Amino acid sequence: MPNSRPRPRRGARSGAGAVGRDRLVSRSLQSAEHCLSAQDFGTAYAHYLLVLSLAPELKEDVKETFQYTLFRWAEELDALSRTQDLLGCYEQALELFPDDEVICNSMGEHLFRMGFRDEAAGYFHKAVKLNPDFNDAKENFYRVANWLVERWHFIMLNDTKRNTIYNAAIQDAVCLGSKSVLDIGAGTGILSMFAKKAGAHSVYACELSKTMYELACDVVAANKMEAGIKLLHMKSLDIEIPKHIPERVSLVVTETVDAGLFGEGIVESLIHAWEHLLLQPKTRGENGNCEKYGKVIPASAVLYGMAVECAEIRRHHRVCTKDVAGICLPTNVKFQSPACSSVDTEETVEPYTTEKMSRVPGGYLALTECFEIMTVDFNNLQELKSLATKKSGKIGIPVIKEGILDAIVVWFVLQLDDEHSLSTSPSEETCWEQAVYPVHDLADYWIKSGDQVMMEVSCQDCYLRIQNISVFSSEHEMDVGKDFCKDKDLFSLGSEAELCSALANLQTSKPDAMEQTCILESTEIALLNNNLYHESFKMAMRKVLSSLTPEKLCQAMDTHCQNNEMSCGSGQSNSEESIPEPFYVLDVSEGFSILPIIAGTLGQVKPYSSVEKDQHRITLDLISEANHFPKETLEFWLRHVEDESAVLQRPKSDKLWSIIILDVIEPSGLIQQEIMEKAAISRCLLQSGGKIFPQYVLMFGLLVESQTLVEESAVQGTERTLGLNIAPFINQFQVPIRVFLDLSSLPCIPLSKPVELLRLDLMTPYLNTSDREVKVHICKSGQVTAIPFWYHMYLDDEIRLDTSSEASHWKQAAVVLDNPIQVEMGEELVLSVQHHKSNVSITVKQ
């Protein structure tokens, strides 16, 4: 019989073998299909592997079914925590289909969930290269790229001043004889290349991040310096002589500093370098060739601070309200942001947040002159060693202007050598942000001229710590924070006035009240401070519940009357039917939310919260108790759900939800992942007349010219990097969307008025469009470089929330164009807006 597919000519034996092979292939295919119908994906996968190894010509015929089998089997292996088997299956699949973007992307998703971000990025990147229009892979790559190559790399490389000063300092050191160089935390390798160009004989560079190490290898090779620079994929603490480098070096260059100077471990790495990798330092007055001695660039640093009033910092780090939409926040609950709580925790938590103070929304007011906090000499081993063990130093700073004490802002001057320095001051044009230490636990935050701001400063766990901030007023009264009150020996406080104040503070809470500290992310604190948000939800929920009970309007609970009625009624009636069936409300917002408690005030409502953290549940219980809620009014939904990945379920087998609250927008300004899928499930779980909140969302945008966004998104050519070819390599990790923007303070020129870009309707999906064109009228001539966007969230047709408002806890985002577009006033530009799952793509139609 002739073969159905052309095959090479075979001998008699080969022919018999081919027939046997074909039979085995046919039987295996039938077995695979049978196993699939029985949902035995593991066995089906094994059969397909056999088929494809025996008959590779069938690849295209079985590709889709093989993919489906692989993905279902991988899900089962993942659920069973059989990680090695899962990865083995994907490796086998990629040997068979090395250029399959769908398998590459799926492999990346599994790796990312396991915490292997570097490896995941590689697969996402490969999937995008194989198919640039594969939206799932693009979205995955953009999300992981922000983890792997942080956005500050682009900003720093575009900072010509910083690059020039570092280059000059390295040149001077090499010219004076420092010919062997180690670059610690090399990043793209720019400092190593400065050293090589300056004439260093031996240059070594270490980089811990796999992605950045591979990037540096490509960059160094592209600049034809691979022979002169040895790159090491490791921490400097693990470098050994002569295993990794042949001998001690005469110069260490590094920029492993963060906004708080010490946060990237510069002290620890330099102590190790002086002890194991650097030549001995030159002593004072000693002459001789620098090649025989060791030194560090930067040579030293001076840390400065300033007390400020800043409403934006305040609303993100201090709960400033005692009442949220009628819900009283009890005094025995203390809310703190992670930056504030780091003092009291055993974990090593960064004790500050960071802000670009020159761009903080609403600006800031300096309440003190800038003051020196400490100096550190990076060329002095003993000084570096003593930093971590040195006792806290006390600083008192006079107040020069009255205002609200919100934070201590910190920056530094990096002295590279005797002639070259870099400042990260908020008054400087710099790529750096400043470290912000929010002030908390003061009895009164108002300070005036003549007062003194007191604080303790130390360097612990590789962080600059500023704690126990207090105010000594001009009338000699001390506002003492709670940290101050923890001292068991009250008499050690000193003066009688201080003692009285401390005793008064100790008596502020009831002795039997349970104290609870609740750590919230800064966006969660900002949300708690947003009264309009909570009042809007309260009004919208009341309207829905009222429409479901037309015979009487839904009213807020009168807790005392209700409790009395319940206690009386329990003695008078045995009929369960006399108790009306409650309305079920489910809040699946991300993070901490008091919306379920607000829902509980609206009548016969059974609210469920989906908070995960135990401290959040304890806090919500305490708030319920303080507002005299009957016990068990508020319940935690995850205690009722066996599979936490399937949160959206019926409240009871025979009941449906009256209201489901979904989190549609991330604090970053992007649409939540899988939100439309969640909305589709939610619609099936609603009772007749029930609603999803928000019911629909309108996305708005405008055209702007912003050089800032351009420079923060991609490295601009070789001029910024002093002729070194870095841009094409690091720009592979640029993402078209910038997140966590404050549009109100973003340096930009609007070139159009806001326009509606997209509608996402969670209640009525047929109103959604996945692809539309929007005409934008140009009202000012210029270059369009970006399209910032934000949202109006409609709880109903009349009640909406604006994510760009001053009180919003949401930030905004922007699409940054690859190439600027010149426009003239009066013209029209057409935008193509595409919505795929939770990813929105905005492009200019030429």
Side-chain angles (χ1 to χ4, degrees), residues 25 28-29 31-149 209-211 213-215 233 643 645 673-674 677 732-733 836-839:
V25 167
S28 292
L29 278 173
S31 298
E33 289 165 7
H34 175 74
C35 290
L36 274 182
S37 63
Q39 297 201 334
D40 181 0
F41 300 110
T43 310
Y45 176 75
H47 281 299
Y48 278 121
L49 279 183
L50 179 61
V51 167
L52 292 170
S53 63
L54 292 173
E57 67 274 12
L58 295 179
K59 277 185 183 179
E60 288 306 312
D61 296 339
V62 301
K63 180 178 173 179
E64 285 189 19
T65 316
F66 175 77
Q67 284 177 349
Y68 173 76
T69 308
L70 168 67
F71 300 154
R72 293 300 301 269
W73 178 225
E75 284 174 13
E76 289 187 15
L77 291 173
D78 192 24
L80 295 167
S81 300
R82 290 171 56 184
T83 304
Q84 288 305 317
D85 292 335
L86 185 154
L87 296 178
C89 286
Y90 272 99
E91 285 165 5
Q92 291 168 332
L94 286 168
E95 283 178 18
L96 293 166
F97 297 96
D99 295 330
D100 189 296
E101 70 272 21
V102 180
I103 295 176
C104 279
N105 181 61
S106 184
M107 173 71 154
E109 288 176 336
H110 280 289
L111 287 168
F112 186 75
R113 282 197 291 271
M114 293 173 194
F116 300 113
R117 289 174 181 156
D118 277 298
E119 292 78 3
Y123 284 101
F124 293 146
H125 198 206
K126 183 178 179 182
V128 174
K129 278 186 171 178
L130 289 166
N131 182 358
D133 296 323
F134 186 17
N135 283 318
D136 284 359
K138 280 200 294 188
E139 184 176 351
N140 283 330
F141 179 68
Y142 294 155
R143 286 179 185 272
V144 80
N146 283 313
W147 289 100
L148 295 173
V149 180
S209 160
K210 183 173 182 284
T211 301
Y213 163 76
E214 291 172 351
L215 186 61
H233 177 214
D643 180 5
S645 65
Q673 287 186 299
E674 299 180 352
E677 292 86 340
Q732 292 178 67
F733 291 89
H836 172 74
K837 293 186 178 177
S838 58
N839 186 37

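Computed from heavy atoms alone, side chains included, the values below leave out hydrogens, waters and symmetry copies. Counting from 1, the numbers follow the sequence of the chain as shown. As the structure is a computational prediction, the values presented were derived from the model and not from experiment.
- With rounding to the nearest 0.5 Å, the separation of CD in Glu91 from CD1 in Ile103 is 13.0 Å.
- A salt bridge is defined here as a Lys NZ or Arg NE, NH1 or NH2 lying under 4.0 Å from an Asp or Glu carboxylate O, and Glu76 with Arg72 fails to meet this definition.
- Nearest heavy-atom pair across Asn105 and Ala137 is OD1-CA, 3.3 Å.
- Counting non-hydrogen atoms of neighbouring residues, nucleotides and ligands closer than 6.0 angstrom, the NE2 atom of His34 reaches no more than 12 such neighbours.
- Under the 3.5 Å distance criterion, the side-chain polar atoms of Thr69 are matched with a main-chain donor or acceptor of Thr65.
- No close placement of the Tyr123 and Tyr90 rings is indicated, their centers lying 6.0 Å or farther apart.
- For Asp78, there are no salt bridge (charged side-chain N to carboxylate O under 4.0 Å, His left out) partners, not counting sequence neighbours.
- Closest of all the heavy-atom pairs between His110 and Ala74 is NE2-CB, 3.8 Å.
- Applying the 6.0 Å contact sphere to CZ of Phe71 captures more than 12 heavy atoms from other residues, nucleotides or ligands.
- Atom CD of Glu119 sits about 8.0 Å away from atom OG1 of Thr211, to the nearest 0.5 Å.
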- Task: Please assess Glu214 against Lys210 for the test salt bridge (Lys or Arg N to Asp or Glu O under 4.0 Å), listing each intermediate value before the final yes or no.
- Result: CA-CA 6 Å; Glu214 291 172 351; Lys210 183 173 182 284; 2.9 Å; yes
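- Distance CZ/Phe66 to CD/Glu60: 12.5 Å, rounded to 0.5 Å.
- Ring geometry for Phe733 versus Phe141: interplanar angle of 30 to 60°, hence tilted.
- Nearest approach of Gln67 to Val102, heavy atoms of both residues: NE2-CB, 3.8 Å.
- Residue pairs meeting the salt bridge (Lys or Arg N to Asp or Glu O under 4.0 Å) criterion with at least one member in residues 95-108, sequence neighbours excluded, are Lys63-Asp100.
- A distance of 4.0 Å separates OH in Tyr45 from CD in Gln92, rounded to the nearest 0.5 Å.
- Looking at Tyr48, its side chain never comes within 3.5 Å of a backbone N or O of Val62 through a donor-acceptor pair.
- When all heavy atoms of Ala120 and Gly108 are compared, the pair lying nearest together is CB-O, 3.3 Å.
- Atom-to-atom distance recorded for Phe124:CZ and Arg117:CZ is 11.5 Å, nearest 0.5 angstrom.
- Between the CZ atom of Phe134 and the CG atom of Asn140 there is a distance of 8.0 Å, given to the nearest 0.5 Å.
- Looking at heavy atoms from C-beta onward, Leu111 lies out of side-chain contact with Asp118 at the 4.5 angstrom threshold.
- Residue His233 comes nearest to Ser209 through the heavy atom pair NE2-C, 4.0 Å, listed as atom of the first residue, atom of the second, then distance.
- Nearest heavy atom pair, residue Lys126 against residue Pro98, reads NZ-O, 2.9 Å.
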